[in-house]
Amino acid sequence: METESEPYVRLATLRQLHTVMADMNTARSLADTLQTVADGVVNGLGYELACVNLVRPDGDLVVAAFAGNSAAEALITGRVGSRASWERRLGMGEDWGDLRFIPHTEGWVLDEDDVPQWYTDGPAPRFEDEWHPSDRLFAPMYTPSVSGGSCGELIGVLSVDRPRNGRRPGAWGREALQMYAFQAAIAISNARLRANMQRALVRLEREQQALRASEESFRQAFEYAPSGMAIAEMGGDQHGRILRSNDALCRLLGRPASAMRRYSFSDLVHPEDIGTLLRTSAEGGRAELRLGRRDGTYVWVSLRNSVVADAADGPRFLLSHVEDIEDRKRRELQLAHRAAHDALTGLPNSAELRTRLSSRLCQRPQSAFPGEIESLDAAYGHPAYDANGHGFDFRPGADLLDAYDHHVHTIAPEGERDDGTKGLAVLFCDLDGFKSINDRFGHNAGDAVLIEVARRLGRAVRDGDTVARLGGDEFVVLADGLGKADAADLAVRLRNEIIQPIRVDGRAMRVGASFGIGWAHCGMTADEVLKSADERMYIEKRSRPKQHRRAG
């Protein structure tokens, strides 16, 4: 092209450059762009051979496209040259602006390196500027500099060979190749960006499809789960508010989904179970509690929580699994009730009576060594405990009594007169004349009498008092907060209830009752309290004439 006049050469080259650059920027893929770059060198710049060496992620350069010779293309396409060998080449020869020219007089040292190359035959040059078959010309391609410098990161190298006019390129040819390499770098960068975007879009679409499939699977699992499920908010002012509930939960609680969104579980839980709910941890928390139905009743459920977290914002929602355990809980409560109550009368049995009584009594702490309490008594010159078993906490050894500092001690009235002290009265009741009913009318009649006596005792005491069947025809009443006179009055009322006629199978039967009043106080065991009341009952029974022990 240098043989033409300079103005004509420039215009023709510009037209060719315009065409090949337009082709570069309209290629559909990165591979098409690379091949278009190689073809443009041959078709637009007048070289017989062109090779695009592209930098890989590991830094080495691979032959990504070739143009001008199909045999050479098949030989070296896809082969890799090390980054070190390429840097050596780009550091040799002559600087032609951004181009690097290595004449045949220096290039022989590169014949043994690992850069893929081809060999072309031809006669030795006859003129000084004639192209030699072993000359090498490279056009590095750099990304546009972000910092404003002349070049950015190396993305590849254009290798060109054998200009068609047989001469080394002049100033205009060099400028054209350099400009072409610059535009090729932009086209390749854009193609890479498009390829990355396309891969990202494909990946995003796949992820969205997977997410939609996952969401649909979750929706179906949530909506059609046989047990109740709910999604609640975590954090913020609306923490715990139910956002979504499935059909099973709505049916379990008898509430529509629209109404469920107005509540949190703390609004629905039974007041006695609110502490259980608050103690249930969010992640993996499990609790058994009662939730309120629309009709005002409560149902026992097993509540299990899982946290739904967001990668960016952390925990967002609480997924609660609600399982109906009403039948199981009812069976458990029935079993517990049977274990603690008398099968005939339904009253608390002997074991339950002792449990309730023991819960009101504290004992002296068991010392680590025998005699330690007595040693403390002697060391401080006074007893370690008062008459009611209440530890004196002003001694240096008061740490032994820490377990009792917060206990509400049970104190018994003292003396024969009512001094105003209120305590836990234990009324031991033994029926008079009951054996004769069993003997005359049979055990069925005796059982009916026991059931009626239990009903009358339960009707006559206050809410919170305990009426228990100790065994046989013996009953015990625990009544807290009574003075001596109050306890005596209660015994009279109970006796008057019991001695009323009891009709069994059309017959009127009567039994009497003897009461012994004992008092519980800390330092005693449950058996000691019951024994004390039992002894007083026998004293009271023996003190009355036999004919007055039973009315009617």
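Because the structure is predicted, anything quoted here is derived from the model rather than measured.
At a threshold of 4.5 Å between non-hydrogen side-chain atoms, the residues Pro169 and Arg174 count as touching. Under the 4.5 Å side-chain criterion, counting only non-hydrogen atoms from C-beta, Glu288 is not in contact with Leu303. When side chains are defined from C-beta on, Leu268 counts as touching Leu253, because their heavy atoms get closer than 4.5 Å. Taking 4.5 Å as the limit, some side-chain heavy atom of Val307 sits within range of a side-chain heavy atom of Met234. Two residues are said to be in side-chain contact when any heavy atoms from C-beta on lie closer than 4.5 Å; Pro140 and Leu90 meet this criterion. In this structure the side chain of Leu110 reaches within 4.5 angstrom of the side chain of Arg136, judged on heavy atoms. Residues Leu319 and Asn305 fail the side-chain proximity criterion, which asks for heavy atoms closer than 4.5 Å. At least one side-chain heavy atom of Trp118 sits less than 4.5 Å from a side-chain heavy atom of Phe66.
In terms of the side chain to side chain contact (heavy atoms under 4.5 Å, CB included) criterion, residue partners of Leu243 (sequence neighbours excluded) are, by chain and number, Glu233, Arg241, Phe317. The side chain to side chain contact (heavy atoms under 4.5 Å, CB included) search around Asp324 returns Leu252, Val299, Glu326, not counting sequence neighbours. Qualifying side-chain hydrogen bond (donor to acceptor under 3.5 Å, both in side chains) partners for Gln35, counting only residues two or more places apart in sequence or in other chains: Asp39. Residues meeting the side chain to side chain contact (heavy atoms under 4.5 Å, CB included) test with Gln220, sequence neighbours left out: Glu216, Tyr224. Scanning for side chain to side chain contact (heavy atoms under 4.5 Å, CB included) contacts around Val269 gives Asp273, Ile274, Leu277, Leu289, Leu291, with sequence neighbours left out. Among residues two or more places apart in sequence or in another chain, the side-chain hydrogen bond (donor to acceptor under 3.5 Å, both in side chains) test is passed with Glu272 by Arg290. Applying the side-chain hydrogen bond (donor to acceptor under 3.5 Å, both in side chains) test to Glu175 and every residue at least two apart in sequence or in another chain returns nothing. Scored by the ring-ring contact (aromatic ring centres under 6.0 Å, His included) test, Phe265 finds no partners at all (sequence neighbours excluded). Evaluation of the ring-ring contact (aromatic ring centres under 6.0 Å, His included) rule for His341 yields His337 as partners, not counting sequence neighbours. Arg261 pairs by the side-chain hydrogen bond (donor to acceptor under 3.5 Å, both in side chains) definition with nothing, not counting sequence neighbours.
For the atom pair CZ of Arg255 and SG of Cys250, the computed distance is 10.5 Å after rounding to the nearest 0.5 Å. Separating the CD atom in Glu153 from the OH atom in Tyr142 is a distance of 11.0 Å, to the nearest 0.5 Å. Here the straight-line distance linking atom CD of Glu207 with atom CG of Leu211 works out to 9.0 Å at 0.5 Å rounding. Rounded to the nearest 0.5 Å, atoms CG (Leu54) and CD1 (Ile188) are 6.0 Å apart. In this structure, Glu106 CD and Ser134 OG are separated by 13.0 Å, a value rounded to the nearest 0.5 Å. Taken to the nearest 0.5 Å, the OH atom of Tyr263 stands 10.0 Å off from the CD1 atom of Ile242.
The pair Arg168-Asp135 counts as a salt bridge, with a side-chain nitrogen and a carboxylate oxygen less than 4.0 angstrom apart. Checked for salt-bridge contact, Glu205 and Arg212 meet the test: a charged N lies under 4.0 Å from a carboxylate O. Between Arg83 and Asp60 there is no salt bridge, since none of the side-chain N atoms of the basic residue sits less than 4.0 Å from a carboxylate O of the acidic one. With salt bridges taken as basic N to acidic carboxylate O contacts below 4.0 Å, none links Arg293 and Asp295. The residues Asp480 and Arg360 are annotated as salt-bridged, a charged nitrogen and a carboxylate oxygen being separated by less than 4.0 angstrom. For the pair Glu332 and Arg328, the salt-bridge criterion is met [side-chain N within less than 4.0 Å of a carboxylate O]. Ionic pairing of Arg100 and Glu94 is not present here: no N-O contact between side-chain nitrogen and carboxylate oxygen is shorter than 4.0 angstrom.
Nearest approach of Ala526 to Leu361, heavy atoms of both residues: N-CD1, 4.1 Å. Here the closest non-hydrogen pair linking Pro103 and Gly93 is CD-CA, 4.5 Å. Across every non-hydrogen atom of Ala339 and Asn349, the tightest pair is O-ND2, 3.0 Å. Here the shortest heavy-atom pairing between Asn53 and Ser159 reads ND2-OG, 3.1 Å. Here the closest heavy-atom approach between residue Ser85 and residue Ser82 is recorded as OG-OG, 2.9 Å. Closest approach of Met141 and Ala184 over heavy atoms only: SD-CB, 3.8 Å.
For Ser214 (side chain) and Ala210 (main-chain N/O), no donor-acceptor pair under 3.5 Å exists by modelled atom type. The backbone N or O of Arg356 sits less than 3.5 Å from a side-chain atom of Ser359, completing a donor-acceptor pair.
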Derivation of the salt bridge (Lys or Arg N to Asp or Glu O under 4.0 Å) call for Arg262 and Asp267
CA-CA 9 Å; Arg262 297 197 298 265; Asp267 299 324; over 6 Å; no
Full working for side-chain contact (heavy atoms from CB on, under 4.5 Å) between Val52 and Val63
CA-CA 6 Å; Val52 179; Val63 178; over 6 Å; no
Kindly determine whether Val37 and Tyr180 satisfy side-chain contact (heavy atoms from CB on, under 4.5 Å), including the steps that lead there.
CA-CA 9 Å; Val37 169; Tyr180 184 82; 4.1 Å; yes
Please evaluate residues Leu318 and Ile231 with respect to the criterion side-chain contact (heavy atoms from CB on, under 4.5 Å), reporting the C-alpha separation (whole Å), side-chain torsions for both, the decisive distance (0.1 Å), and the verdict.
CA-CA 6 Å; Leu318 194 65; Ile231 298 176; over 6 Å; no
For Val42 and Leu49: C-alpha separation, side-chain torsions, deciding distance, then whether side-chain contact (heavy atoms from CB on, under 4.5 Å) applies.
CA-CA 6 Å; Val42 174; Leu49 299 173; 5.9 Å; no
Just do the salt bridge (Lys or Arg N to Asp or Glu O under 4.0 Å) check on Glu215 and Arg219 with the steps written out, would you?
CA-CA 6 Å; Glu215 289 176 342; Arg219 187 192 67 80; over 6 Å; no
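Between His104 and His132, the two ring planes are parallel [angle under 30°; tilted spans 30° to 60°]. Using the six-membered ring where Trp is involved, Phe101 and Trp96 have ring planes that are parallel, under 30° apart on the 30 and 60° scheme.
Applying the side chain to side chain donor-acceptor pair (under 3.5 Å) test to every pair with at least one member in residues 243-252, sequence neighbours left out, gives these pairs: Glu223-Arg244, Asp247-Arg251. Among residue pairs with one or both ends in residues 183-198, those qualifying as side chain to side chain donor-acceptor pair (under 3.5 Å) are Asn196-Arg199; sequence neighbours excluded.
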